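Note sheet for the following structure.
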Amino acid sequence: FAGDTNRSIEIIGYLGRDDVVDSGLLMGPAYCVVGGKESNKSRSAVAALAQAMDEMGKVGFCRLVKTKNGGAPIIGALFPMASDGGRYLQFLQLPFADDVQHLQNR
């Protein structure tokens, strides 16, 4: 992934929702993923993915690149969410292994 300078979210795999929530490792801030402003197809795809993940009790383990100019990727979990406005995904950061070791050594 070195040199990747595009904003992106890549789902690496899926984990049980309860396993991630019970881990106590979730960090802020949260980001909402709803699809493109002008694209009904992308909003529908995000909504369908959120519905399927919700029905299966899964969250997506993913890699996020937030800025156009690259920057360090962030590892996190995508949670399926629902509101009056429809279904969407919410990204919450997970710590890297080095971050967890630092907390355990305190």
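Remember, it's a predicted structure, so these values are computed and weren't measured experimentally.
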*Could you state the interatomic distance from CE (M53) to CZ (F79), rounded to the nearest 0.5 Å?*
8.5 Å
*Where do K66 and Y31 land on the side-chain contact (heavy atoms from CB on, under 4.5 Å) test, with the steps shown first?*
CA-CA 10 Å; K66 292 190 320 183; Y31 299 96; 2.9 Å; yes
*Calculate, to the nearest 0.5 Å, the distance between atoms OH and OG belonging to Y88 and S83 respectively.*
5.0 Å
_Note, C32 side chain near M81 side chain (heavy atom, < 4.5 Å)_ = no
*Looking only at heavy atoms, what is the nearest atom pair of P80 and L89, with distance?*
CA-CD2, 3.9 Å
*Nearest non-hydrogen partners of V46 and V33, listed with the distance*: CG1-O, 3.4 Å
*Is I11 reachable from L64 through a run of I, L, V, M, F, W or Y residues, each pair having side-chain heavy atoms under 4.5 Å apart?*
yes
*Which heavy atom of G16 sits nearest a heavy atom of V59, and at what distance?*
O-CG2, 4.4 Å
*Do you know which two heavy atoms are closest between Y14 and G60, and how far apart they sit?*
CD2-CA, 4.0 Å
*Looking at A50 and R87, what are the two nearest heavy atoms and their distance?*
CB-CB, 4.1 Å
*Spell out, yes or no, whether I12 and M56 are grouped together once hydrophobic residues are joined by side-chain heavy atoms under 4.5 Å, including indirect joins.*
no
*State the CZ-CG distance between R63 and L94, to the nearest 0.5 angstrom.*
15.0 Å
